[in-house]
Each structure stands twice: as C-alpha cells, then as structure tokens.
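Accompanying notes for the structure given below.
Convention: sequence-line order gives letters A, B, ...; per-chain numbering from 1.
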Amino acid sequence: MDNAEIADILSRMARLLEFKGENPFKIAAYEKAARSIKRLEADLSSIHQEGRLSGVPGVGKAIEDKIEEMLTTGTFEAYERTVAEIPRGIIEIMDISGIGPKTARVLYERLGIVSIGDLIKAAEEHRIRRLPRMGPKQEERILRAARSRVQSSDFRRTPLAVATAIARQVTEELSSSPYIMKVLPAGSLRRRKETVGNIDLIALSDEPEKAIDAFMHAGKVTQAPGRWDADEGNAHAAIIYEGNIRVDLYVGPESYCGSLMQYLTGSKEHNIHLHEVARARGYSISRSGMIYEGKQIENERPDNGVAGFATEAALYGFLGLEYLPPEIREDRGEIEAGLDGRLPALIERKDIKGDLHVHSRWSDGRNTIEELALHAGGLGYEYIAITDHSPSTGVANGLSEERLLEHIREIEDINERKEGIRLLSGTECDILSDGRLDYSNRVLEGLDIVVAAVHAGLEQDRKSMTKRVVAALENEHVDILAHPTGRKFGKRSGYDIDMEEVMQAAFDNDKVLEINSSPSRLDLNDRHARMAKEMGVKIAINTDTHSLAHFDNISYGIDVARRAWLEPADVVNTRGLKEIGSILRM
DNA sequence: GCCGTTTTCGGCCCGACTGTTTTCAGTCG
C-alpha cells in the first residue's frame, strides 16, 4: 500500500465523518493527515519500520495506529465500520463532482435519496431546487453530473495506465509458464487508447490447452467467464482479474503471429476497411491468415490456401501498405496514407528533450529543485521548467510574488553550480475567473516560461470559459496552456469550452497547447491534439510531475500524441535548449 | 484527532468561487 492509497482512505474517512456530522476538527485532522502524507517523500512503510510515524505532521497516536493497520491489512476497522453504516449509494453520490458530504446528507434526510438513480429522479421532478440553498441552477448542475456519472459507469472502461499495469502483471505470470513462448498485447491496450473496455493478450504457444490452463490459474483471477478451445492450434479464454477487468487471452502458433496480432489489435473500423482493400484484390483476411480467392498469393502460400503472416509488416506489405503503427489504426485516414506512402513518422519517447511542466516542494511537489534536476538529467533531458503554482491555488501552497522571486534566485543559483541540465524558471499561473492572470505582467516578465491553467471556477458557461482562456492566450507573457479542457477520468468530463476557438487563439498568438501526460488527465486528448496539428498549433508534451516517478508518465503523453499523428516537428519539447529558448522568447 | 518556547486542555481554522442569499454555506483543488 503506497502513500497515495493511504492518504486516499484517510480523506475518504474524513468525508464519511462529515456526512455523519462529526466534530469538524476531527474531520479536519483526517484531512490534514491525508494532505501531509501525500507530500511525504519517503514511503510510510519504511517510516513505520523506523518507528518515525508519529514524526509525520498531523499524525498523532490514533492515526498512527490506523496507518499501521492499513500497512498490514490494506484498510482500518473504523473506516470499514463507517462505510458499512452508510448506504453504498450515498457514498457514490458523494463522489459526484459538486456534491459533498453536506449536500449528500440533506438529500438523504429531506428527500430520502440513497442512490444516483434516486438523485436523477428527484432532480427531474424539480424536488431538489426546493431544498435550502438550492435553486434551479444547482439542480441542473447536479442532474448533469449525475447523468454523466451513470453513463461513464455503464461503460465501465478502465484508464489506460491501470490496464497497462494489470496487463504487465498477467504477462509476467504467463511468461513463467514453460508452454508459453511469448505474450503480446493486442486490442485497444496495444492501440494505447485512453481507456480500455477489456485487456486483450496474445500468447504464442504450441500447446494451446496448457497455455490456457496457466492463464485460468493466474494469481488474481476472480471469475472465469469461459474458455473456447478451437482447433488448428488456436484457443481463447477470458478471466476477470481482481474483480474489475476482463482479460482475454488468445493462443496461437508463432508461424502466423502477424496475422493474429493484426486481427486482434483492431480497431474494428480499421479491420473492416482493411478487409475492403483485401477484397478488392481478391483476398480475404482471417485471424489465422490471408485466404486465397482466385489469385495467387506469392511467396508464402501454404497448401491449404491460407497464408498466415509471421509479422504484421508482411501482412500490410502484402496488401501494398506501409506498416501502420497500432496507435493510428482507427480508420481515420491511415489506410489511405499507408497505401500512398505518406504515413507520418510518429513521435517517440527518445525524441523528447525536456519537460516544461514540473512542480517542486516550493508548492505541492514532493522533491527539491535539485533532486528534480538530477533525476531529469539522468533521463537525458537537456532542460526542465520548474513551474510551481501561483497564489490562488492556496491549497497547493502557491507562491506569493516574494516567494516566486526567491524561487527564481534558487533556480539561477543551481543553474550556475550545475553542469548539464538547464532549469527554466517558470510558473503554473492560474487563469482567474475573469481571464486575468494570477501574477502581474511585471512578475511574469521575469520568468523564462509561463504555463497558464484553469484550476477554479470550473462551472462557468461555455461562453465565459472560452473568453477567459482566450484572454490568457492573448497575454504576451503566456507560453503554454496547460491541461486545456480540465477533464479528469472518473471525476469530470472537462469544462464547457469551445476548443476550436481556443486553438484559433493559440494559433493567432503563437502559443503552445499542452498534452498533459498525467494518467488521470491525458488532456489534450488524441482528437483535440490532432485538431491542433491540423490547425498548425504547436504542442508540448508535459508530465505535470509532482514526484520523481511522474517523469515516466511522459510515455502516456506520447501515446496520445502518436494517436494524434504527431511527428517530432509538431512538438516543441523535441527541440534542443537553444531552439526552445527562442520558441519561449526567453 | 492533533498539538504545545503561553497550554496535557482547549483551541485548531485555506481561500476563491458559486449560487443562494441579504450575509453565507458548501465545494474544490
């Protein structure tokens, strides 16, 4: 159990206690402990082993005991008891953006609402607006949020980062089986889609039965919906892993691995289109190969008339296409481009030369600027921008103008002492509700880079929000717009904003839009990023790092960029220090 | 529930934003 998980349970506990109407100071104490744990650098488990838990700010005897309990059992008794006291649906209601414990309580007491279904019904019948401090606007907002919650849980899609981690675990387990030669990703996971419905894997094996057996008995299987043993060396089975995601395993021989991979990677739309291309040439494609229909399959035509391709490149090549990277197989023009030989040379991780959105301990990051510099240097970066929060983001310990000046001095100081990596002094500056920035122009002028972002006032209507962000893009000191739509997986779908207008403003003012690589954001998403490319708007792929491990999230930003057809030239942080300096007008 | 160079009891305490009010409660990051 890591620090973030422990902090999460503590802050959930705080919300449950607030729902129950407990002593506000007790609630605050849980919240304070959770916040303090989130900022810790060392792991709680090692702090515990060293007997230093009580030294953590906000952790006294009682919470210390609870942390200990969590470290051994993954939860604590008082929390489980409290969860059991409150109807499950109410806890779900509190997870809806805009509804906190107090509102949930009023809804429960006055209207008997114990589920999201009840909530939607009450809103539709206009019963919520009659509650104290509620009105038509609140009611509408709640209805909207509740409906979008129902939809998203109906789809039950899993964020890519979670699916990637689970796929890695299953792959490791399978790889230890003597009957499995190799395990490969397929489906939306391989296409690196931002969420996946299930995980598709391929195992290469000459003993499909035994490979499937190994799969069915993998560590955390909670259900096994079925297995289908086909003939000719094929097999397929599905399991539910850890009670939340379905994993499908397809087993086949190495000899036609390429055919299998192509078929199972999809997307469905891509495959349908590819089949049309094949049919026009007299072939049809199957999972196990290319079926011959009246024309000679050159080079590798087995006797049964089915040619299974060992590699995907051979399959695509056979149809006259260049190899298509999985990320763009969505039938959004890639087949035509592949036929004409005008595929983009997609950006890769090695192209990234620096990170332009990084937080240090000066605001809400976990590391010192020196540690960040050292780590980023180790990644081979030429530069990183230290962009701590501005004053309005008070909970994130945003920097006052005075502290910002000290911050700049420390960065200059390290730049003078350190060889190699160059630190850019920056800010993640709040865009206030009226479109003004949180620092004066005089202060912004003194920075190497200004990353602007919306963090509060998320409920503005489309017109105001668009105007607000456009105003920020028109400020001469702003360089980058961070997480442009504000969406967060499982929490909110992003603010209501006219992205086309925002992109036009970015283009007109020569500003950069961010692909935020944080797994819970991925913002811009792939469609927006492609739209930006088509409009000629520059992109930065940043991690929004708050601790050293977050630097690795860059791979998720790259996934988005590749799905958006971005090439190195479309992305500013593929440029070296000198060039980035001129882009940022440093 | 935490904390103490006033205290082991009694005070703690983010600030902006929004929609609801006519002075403020609830939510959020």
Protein and nucleotides 10-13 of chain B: nitrogen or oxygen contacts under 3.5 angstrom:
none

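- Toward the 5' end of DNA chain B, the nearer of the two residues A:Ser54 and A:His389, judged by each one's closest nucleotide, is A:Ser54.
- Map A:Gly98 and A:Met134 each onto its nearest nucleotide of DNA chain B; the residue landing nearer the 5' end is A:Met134.
- Note on A:Ile27: nothing from the nucleic acid sits closer than 4.0 angstrom, heavy atoms only.
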Side-chain donor/acceptor pairs under 3.5 Å, residues 21-37 of chain A, sequence neighbours excluded:
unit_1, atom_1, unit_2, atom_2, d
A:Asn23, OD1, A:Phe25, N, 2.9
A:Tyr30, OH, A:Lys66, NZ, 3.1
A:Ser36, OG, A:Pro57, O, 2.7

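- A salt bridge links A:Glu18 with A:Lys102: at least one charged nitrogen is closer than 4.0 Å to a carboxylate oxygen.
- Closest contact between the side chain of A:Lys66 and the listed nucleotides B:dT20, B:dC17, B:dG1 involves B:dG1.
- Residue A:Arg15 has its side chain nearest to B:dC28 when only B:dG1, B:dT20, B:dC28 are considered.
- For B:dG15, neither phosphate oxygen OP1 nor OP2 lies less than 4.0 angstrom from any side-chain nitrogen or oxygen of A:Ser392.
- If you take CG of A:Leu432 and C1' of B:dG29, they are 15 Å apart, rounded to a whole angstrom.
- In this structure, A:His359 and A:His546 have parallel ring planes: the angle between them is below the 30° cut-off, well short of the 60° mark.
- A gap of 14 Å separates the C1' atoms of B:dG1 and B:dT8, to the nearest Å.
- Side-chain proximity of A:Lys102 to the nucleotides B:dC17, B:dA25, B:dG26 is greatest for B:dG26.
- Using C1' as the reference atom, B:dT20 and B:dG26 are 11 Å apart when rounded to the nearest Å.
- On the C1' atoms, B:dC13 is 24 Å away from B:dT21, given to the nearest whole Å.
- Going from the P atom of B:dC17 to that of B:dC12 covers 26 Å, rounded to whole Å.
- Minimum atom distance to the side chain of A:Ile63 is reached by B:dG1, of the listed B:dT27, B:dG1, B:dC24.
- Counting only heavy atoms from C-beta on, A:Lys137 has its side chain closest to B:dT20 among B:dT20, B:dG26, B:dG1.
- If you check B:dG29, B:dT20, B:dG26 against the side chain of A:Gln138, the one that comes closest is B:dT20.
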Next on the checklist: Please evaluate residues A:His483 and A:His455 with respect to the criterion ring pair (Phe, Tyr, Trp, His ring centres under 6.0 Å), reporting the C-alpha separation (whole Å), side-chain torsions for both, the decisive distance (0.1 Å), and the verdict.
Outcome noted: CA-CA 10 Å; A:His483 41 76; A:His455 289 110; 5.3 Å; yes
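- Between A:Trp362 and A:His407, the two ring planes are perpendicular [angle over 60°; tilted spans 30° to 60°].
- In terms of phosphate contacts, A:Lys32 brings no side-chain nitrogen or oxygen within less than 4.0 Å of OP1 or OP2 of B:dC3.
- The side chain of A:Ala62 sits closest to B:dG1 out of B:dG26, B:dC17, B:dG1.
- Rounded to whole Å, the distance from OH on A:Tyr495 to P on B:dT27 is 22 Å.
- For the pair A:Gln460 and B:dT18, the criterion of a side-chain N or O lying under 4.0 Å from OP1 or OP2 is met.
- Closest approach to the A:Ser433 side chain among B:dA25, B:dT18, B:dC2 is made by B:dT18 (side chain taken as heavy atoms from C-beta onward).
- Salt-bridge check for A:Lys38 with A:Asp364: failed, with every basic side-chain N at 4.0 Å or more from each acidic carboxylate O.
- Spacing of C1' atoms, B:dT18 relative to B:dT22, comes out at 16 Å, to the nearest Å.
- Taking the charged nitrogens against the carboxylate oxygens, A:Glu85 and A:Arg81 have no contact shorter than 4.0 Å, which rules out a salt bridge.
- Between A:Asp434 and A:Arg436 a salt bridge is recorded (basic side-chain N to carboxylate O distance below 4.0 Å).
- Across all strands shown, B:dT8 forms no Watson-Crick or G-U wobble pair with both distances under 3.5 Å.
- Atom CG in A:Leu458 sits roughly 11 Å away from atom P in B:dC17 (whole-Å rounding).
- Side-chain atoms of A:Glu445 and A:Asn441 form no donor-acceptor pair, as typed in the model, at a separation below 3.5 Å.
- Taking atom NZ of A:Lys61 as the reference point, atom P of B:dC3 lies 13 Å away to the nearest angstrom.
- Rounded to an integer number of Å, the gap from A:Arg105 CZ to B:dT27 C1' is 18 Å.
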